[in-house]
Amino acid sequence: DKTKHADIIIRNNRREAHGPTAGSTRNARIEWPMTSGKWYWEIESTRTGTNNGGQQVGICTDEYDTRSTSYPGQTAYTWAINGNDGDLHHNGSIVVTDYCLVGGTSNGTVMTTGNICMCAYDADAGKFWMGMNGTWGNNSGTGNPATGANPGVSSGLTGKQIFPIASTGTDSGANHVTLNPGDRKFAYQAPSGFKALCTQNLPDTFTESNVNNPSKFFDIIRWKGYGV
C-alpha cells in the first residue's frame with residue numbers, strides 16, 4: 001500500500017490516520033491526485049504526550065514513497081509544515097519560517113489536539129496555501145487563496161500529480177490526524193472558487209470519447225439463436 005507506512009492504522013471510514021506511540025512519525029496520504037482545479041481540505045490534530053517528530057501536514061508528488069521513514073518536508077517531493085513550530089519545509093530545509101502559527105507563537109503547540117490545519121491547492125496555477133484555526137499562513141504577507149496572494153508554495157508543482165499528506169507519531173500518548181475532505185461541514189469556510197476535496201467533485205472521466213470509458217470495453221452481447 002503506497003498510500004501509507006506500515007505503522008499507520010487507518011480508521012473511521014479512511015478519515016483517521018493513527019500513528020505509533022513509541023517511535024517516530026509515520027506517513028499517510030489520500031489515494032487520488034489533484035491534477036487540475038482548485039481544492040480545499042482540512043486536517044485536525046489529536047496528539048497527547050511527548051513527541052518524536054510529532055505531526056506534519058502538507059502535500060507530496062507521486063514520486064514520494066509514503067512507506068519510507070522520511071516524513072513530509074524532508075524530501076524533494078514533499079512540502080509540509082512542522083507541527084511543533086509551524087515552519088514550512090521542503091527538501092530538508094525551511095523555506096518559510098513561522099509560516100503557520102497558533103496564537104502567534106511557535107512553542108510546540110501548532111499541531112496539538114483540536115487544532116485544525118486548512119489547506120488550499122490551485123493545481124492550474126501551481127500554488128499551495130496552509131493555515132491554522134481560521135488564519136492563513138504568512139509568506140511576506142497573509143495568504144489569500146481566493147485572490148492567489150502570498151502562497152506558501154508557488155513553484156515546482158505545475159503539471160504534477162499532487163496528493164494531500166500528513167504524518168503522525170509520539171513517544172507516548174494517543175495521536176492521529178483526521179482528514180475532512182468536505183463530505184461533512186468544514187470548520188472554516190473554503191476560499192471562494194475552491195471545491196471540497198471529495199469524490200462528488202471529481203471530474204466525470206467516463207463520458208464521451210475518453211479512453212477509459214468502460215462502455216468501450218464492457219457491454220451486453222446479444223446472442224442470436226439458430227432455431228435448432
Side-chain angles (χ1 to χ4, degrees), residues 1-8 10 14 17-20 23-36 39-45 47 51-101 106 110-111 115-123 125-132 136-137 139 143 145 150-170 175-179 181 197:
D1 186 353
K2 192 178 179 181
T3 65
K4 71 179 187 69
H5 189 276
D7 291 343
I8 290 288
I10 302 298
R14 301 190 67 82
H18 292 249
S24 298
T25 184
R26 295 293 184 256
N27 316 305
R29 68 165 172 81
I30 70 167
E31 298 173 355
W32 57 274
M34 301 172 289
T35 57
S36 63
W39 303 98
Y40 175 79
W41 66 99
E42 296 174 348
I43 293 181
E44 182 176 354
S45 171
R47 189 176 71 162
N51 70 84
N52 181 356
Q55 294 177 335
Q56 288 78 27
V57 176
I59 53 176
C60 69
T61 68
D62 191 47
E63 292 93 338
Y64 177 63
D65 189 348
T66 316
R67 298 165 296 186
S68 74
T69 56
S70 296
Y71 53 79
Q74 283 190 319
T75 76
Y77 307 121
T78 58
W79 298 257
I81 61 163
N82 182 293
N84 293 326
D85 55 28
D87 293 344
L88 179 61
H89 291 248
H90 171 60
N91 201 19
S93 298
I94 298 174
V95 293
V96 183
T97 301
D98 291 344
Y99 177 54
C100 288
L101 300 180
S106 57
V110 175
M111 290 296 291
N115 286 345
I116 294 176
C117 182
M118 312 175 300
C119 301
Y121 177 55
D122 183 342
K127 295 181 178 181
F128 179 55
W129 295 261
M130 301 180 72
M132 294 298 302
W136 290 104
N139 184 15
N150 304 318
V153 183
S154 58
S155 63
L157 303 178
T158 305
K160 296 183 178 180
Q161 292 188 336
I162 300 296
F163 301 82
I165 191 170
S167 66
T168 184
T170 59
N175 70 91
H176 66 268
V177 289
T178 303
L179 169 69
L197 186 66

| field | Any Gln74 side-chain heavy atom under 4.5 Å of Gln56 side chain | value | no

| request: Please report the shortest heavy-atom distance between Phe128 and Cys119, naming the atom on each side. | output: CE1-CB, 4.0 Å

| task | Check whether any side-chain N or O of Ser68 sits under 3.5 Å from a backbone N or O of Asp65 as a donor-acceptor pair, and report yes or no. | result | yes

| query | Between atom CD1 of Ile43 and atom CG of Leu179, what is the distance when rounded to the nearest 0.5 Å? | reply | 5.5 Å

| field | Shortest non-hydrogen contact between Cys60 and Thr78, atoms and distance | value | CB-CG2, 3.7 Å

| message | Is there a side-chain contact between His90 and Val153 in this structure, where contact means two heavy atoms from C-beta onward sitting under 4.5 Å apart? | response | no

| query | Hey, are the side chains of Pro72 and Tyr64 touching, using non-hydrogen atoms and a 4.5 Å cut-off? | reply | yes

| field | Heavy-atom closest pair, residues Cys100 and Met132 | value | CB-CG, 3.7 Å

| request: Say whether, by atom type as modelled, one donor and one acceptor occur between the side chain of Asn91 and the main chain of Ala76 under 3.5 angstrom. | output: yes

| Hey, are the side chains of Asn139 and Trp129 touching, using non-hydrogen atoms and a 4.5 Å cut-off? | no

| request: Decide yes or no for Asp62 and Pro33: does some side-chain heavy atom of the first lie under 4.5 Å from some side-chain heavy atom of the second? | output: no

| field | Non-hydrogen atoms of Ile8 and Ala28 that approach each other most closely | value | CG2-CB, 4.2 Å

| said: Strictly distance-based, threshold 3.5 Å: is any side-chain N or O of Asn27 a donor or acceptor partner for the main-chain N or O of Ser70? | reply: yes

| Can you find a pair of side-chain heavy atoms, one from Pro181 and one from Ile30, that are under 4.5 Å apart? | no

| remark: Between Gly156 and Trp79, the two heavy atoms sitting closest are O-CH2, 3.9 Å

| request: For the pair Phe163 and Thr66, evaluate side-chain contact (heavy atoms from CB on, under 4.5 Å) and give the outcome as yes or no after the intermediate values. | output: CA-CA 11 Å; Phe163 301 82; Thr66 316; over 6 Å; no

| said: Just to verify, which of Val96, Ile94, Val110 counts as forming a side-chain contact (heavy atoms from CB on, under 4.5 Å) with Asp87? | reply: Ile94

| said: Tell me the closest heavy-atom pair linking Lys4 and Arg67, and the distance in Å. | reply: O-CG, 3.3 Å

| query | When rounded to the nearest 0.5 angstrom, what distance separates CD1 in Ile59 from NZ in Lys160? | reply | 10.0 Å

| query | Side-chain contact, heavy-atom cut-off 4.5 Å: Leu197 with Met34? | reply | yes

| query | Okay, side chain of Tyr99, backbone of Gly152: is any donor-acceptor separation there less than 3.5 Å? | reply | yes

| Where the side chain of Thr35 meets the backbone of Gln161, is there a donor-acceptor pair that is under 3.5 Å apart? | no

| field | Tyr77 side, atom OH; Ile165 side, atom CD1 - distance, nearest 0.5 Å | value | 13.5 Å

| query | If you round to the nearest 0.5 Å, how far is CD of Gln55 from NE2 of His176? | reply | 9.0 Å

| query | Is the side chain of Arg47 donor-acceptor paired with the backbone N or O of Thr170 at a distance under 3.5 Å, no angle test? | reply | no

| request: Please tell me if the side chains of Val177 and His18 come closer than 4.5 Å, counting only heavy atoms from C-beta onward. | output: no

| remark: Here the gap from Asn82 atom CG to Thr97 atom OG1, rounded to the nearest 0.5 Å, amounts to 11.5 Å

| CH2 on Trp136 to CE on Met130, rounded to 0.5 Å | 9.0 Å

| request: Take Thr61 and Ile162 through the side-chain contact (heavy atoms from CB on, under 4.5 Å) test and state the conclusion after the steps. | output: CA-CA 5 Å; Thr61 68; Ile162 300 296; 3.8 Å; yes

| query | Are Asn175 and Thr168 linked by a side-chain donor-acceptor pair shorter than 3.5 Å? | reply | yes

